[in-house]
Amino acid sequence: MATQPAGIPDLIPHFIDGERVASVDGDTFGVLNPVTNEDYTVAASGKQADIDLAVAAATRAFHEGPWPRMKNRERARILSRIADIVESRDQELAQFESWDSGLPITQARGQAQRAAENFRFFADLIVAGRDDTYKVPGTQVNYVNRKPKGVAGLITPWNTPFMLESWKLGPALASGCTVVLKPAEFTPLSASLWAGIFEEAELPRGVFNLVNGFGETAGDALVKHPDVPLISFTGESSTGKLIFGNSAPHLKALSMELGGKSPAVVFADADLDAAIDSTLFGVFSLNGERCTAGSRILVERSIYEEFLERYAERAKNIVVGDPADPKTEVGALVHPEHFDKVMSYVEIGKGEGRLLAGGGRPEGFPEGNYVAPTVFADVAPDARIFQEEIFGPVVAITPFDSDEEALELANNTKYGLAAYIWTNNLKRAHLFSQNVEAGMVWLNSHNVRDLRSPFGGVKASGLGHEGGYRSLDFYSDQQAVHITLGDVHTTRFGASAH
Ligand code: NAD
């Protein structure tokens, strides 16, 4: 079994105004390893008082510090330094992430690369950025004065935690905001690396603040804090609704990246080998704990049985094991609470579909949060395993007979995050892609990201789109400044003779 990586602190502290600090009330919570389910350290448990201190520091840094006022090139230099440092810590980060979240080590590697790229990309974007000017010849010039919105509240989930934190930190900092990050309570370890990374990159004091703790306490206090004008949230749709309501009295700007139940649609004319590789990876990579997982596979009837046979055989061969073992393809789920949730869906699925692979704990793993890759076929659209996000290594497969039926099935959930379409018919490919209710479509493609393109979901999967300039827009105000050239012509109130 894996040994604990070196360098894990006895207490994972908050980071407020450049200092590593315990909670004001001294409270902590246990942080467990998902292979043993034993606590290996504790983290400071933040409450209102800690959030108040963090927001005060971020507010000071915003109003009095250099960060929002720096030239874009200067900010970009620091962001690029952050990217270099993040990249250089790939090994350490992968070990921390795998240890804390149960992610297979080979899949945890490369997360630092992606995180670094999020800083490098937004550094480039602000240097190359431009804003609009509108001329009314001889009369007026109007221009956009872009400025950072203020203290950004960033709330993140436990799946690929470090990378998802970088997806918010990169554009928030690039825009000139100062931030308070509240990472997920299941996985606070990798977030503790940020403090050292930002110190080394010489990010000014107070620009980055981090408060650990539970959603109901630390997260809630951040959402309700009057001095935090915007919240960027990634997590479950139900939490998103709660945060939406709690932000309403303050009319906060919200960006929400929420849950998914994304369809992968395989037509008979598809490259079946590629579709099978991709649909397996799409739901079983990252332990199935992936927002864009293709967790419903819709297959055209004429290839349905062949697809099932080949898919199930591969699923049975997936290597489940210790997250630290480089041979492992599916590791341990993040937490026993989440394990219980996923297992309850496995049991529900047994009454809703035909079990082709998995269906419980894998053999030889009596302990730890291990779930065998599980495949259900013949799943009806009203089944719970078709409709509800499981967020684990469980897939529902359903046949279809026509393009219309495929589209109806694809759109038949409350979610709309991603869709994967496999066909070699050009017209069908584009028509289907354009009509499917999903924020992002991958056509004959595996889930690859282009940081310039929109990222986000529709329906219950999100609110707003980030990605490229859209992210900078979210963290900025675009003030319109209007200037008259020449004479001012105003209707003269109060100037008429009595
Ligand atoms: P979650 O909603 O339980 O928690 C997310 C974060 O919100 C955590 O930091 C939590 O402490 C905090 N939180 C919880 N209650 C809160 C409250 N009342 N006020 C403020 N903050 C609160 O989600 P999770 O279980 O950590 O993550 C899994 C979910 O995230 C899945 O639904 C997944 O699809 C979604 N997700 C979406 C995307 C995307 O880009 N759309 C990406 C990754 C994960």
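Every number for a ligand or one of its atoms is a count from 1 in the order of the listing.
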Determine whether the side chain, the backbone, both or neither of [X] has a heavy atom under 4.0 Å from any heavy atom of ligand 1.
| X | value |
| --- | --- |
| E185 | side chain |
| F391 | side chain |
| T160 | neither |
| R290 | neither |
| I243 | side chain |
| N159 | side chain |

List the closest protein heavy-atom neighbour of [atom]: residue, atom name, distance to the nearest 0.1 Å.
| atom | answer |
| --- | --- |
| atom 6 (C) of ligand 1 | T156 O, 3.4 Å |
| atom 32 (O) of ligand 1 | E389 OE1, 2.6 Å |
| atom 20 (C) of ligand 1 | G219 C, 3.2 Å |
| atom 36 (N) of ligand 1 | C291 CB, 3.5 Å |
| atom 18 (N) of ligand 1 | L242 CD2, 3.4 Å |
| atom 22 (C) of ligand 1 | G215 CA, 3.4 Å |
| atom 7 (O) of ligand 1 | F233 CE1, 3.2 Å |
| atom 41 (N) of ligand 1 | L258 O, 2.8 Å |

Judged by non-hydrogen atoms, does A184 sit under 4.0 Å from ligand 1?
yes
Against ligand 1, does F455 come closer than 4.0 Å with any heavy atom?
yes
Carboxylate-amine/guanidinium contact [X] [Y], below 4.0 Å:
| X | Y | result |
| --- | --- | --- |
| R146 | D477 | no |
| R20 | E199 | yes |
| K350 | E347 | yes |
| R384 | E388 | yes |

Heteroatom distance test ([X], ligand 1): nitrogen or oxygen, under 3.5 angstrom:
| X | result |
| --- | --- |
| E236 | yes |
| W158 | yes |
| S237 | no |
| K182 | yes |
| P157 | no |
| L164 | no |

Which residue in the set D27, D220, D52 passes salt bridge (charged side-chain N to carboxylate O under 4.0 Å, His left out) when paired with K47?
D27
Near [X], which atoms of ligand 1 are under 4.0 Å from a heavy atom of that residue?
| X | result |
| --- | --- |
| D220 | 19 (N), 20 (C) |
| L417 | 41 (N) |
| T234 | 5 (C), 36 (N), 37 (C), 38 (C), 39 (C), 42 (C), 43 (C), 44 (C) |

Is any heavy atom of the protein nearer than 4.0 Å to atom 4 (O) of ligand 1?
no
Does the K261 side chain pair with the main chain of Q387, one donor and one acceptor, at a distance under 3.5 Å?
no
Proximity winner for atom 14 (C) of ligand 1, if only heavy atoms of L181, I155, T239 are counted:
T239
Have a look at G235, G259, S262 and point out the one with the heavy atom closest to atom 30 (O) of ligand 1.
G235
Decide if atom CZ of F29 counts as having more than 12 heavy atoms of other residues, nucleotides or ligands within a radius under 6.0 Å.
yes
Has K341 got more than 12 heavy atoms of other residues, nucleotides or ligands less than 6.0 Å from its NZ?
yes
Output, in order, the C-alpha distance, side-chain angles, deciding distance and verdict of salt bridge (charged side-chain N to carboxylate O under 4.0 Å, His left out) for E437 and K459.
CA-CA 8 Å; E437 292 166 359; K459 296 160 63 181; 2.6 Å; yes
Kindly confirm or rule out a cation-pi arrangement of R449 over W167, judged by NZ or CZ under 6.0 Å from the six-membered ring centre and within 45° of its axis?
yes
Please determine if K149 forms a cation-pi arrangement with F474, meaning its NZ or CZ atom is less than 6.0 Å from the six-membered ring centre and no more than 45° off the ring axis.
yes
Check: [X] ring centre within less than 6.0 Å of [Y] ring centre:
| X | Y | answer |
| --- | --- | --- |
| F432 | W422 | no |
| W194 | F119 | yes |
| W158 | H338 | yes |

Could you walk me through whether H465 and F455 satisfy the ring-ring contact (aromatic ring centres under 6.0 Å, His included) test, starting with their C-alpha distance in whole Å, then the side-chain angles of each, then the deciding distance to 0.1 Å, before giving a yes or no?
CA-CA 5 Å; H465 290 273; F455 185 90; 8.9 Å; no
Show your working on side-chain contact (heavy atoms from CB on, under 4.5 Å) between Y370 and V330 and close with a plain yes or no.
CA-CA 8 Å; Y370 292 104; V330 169; over 6 Å; no
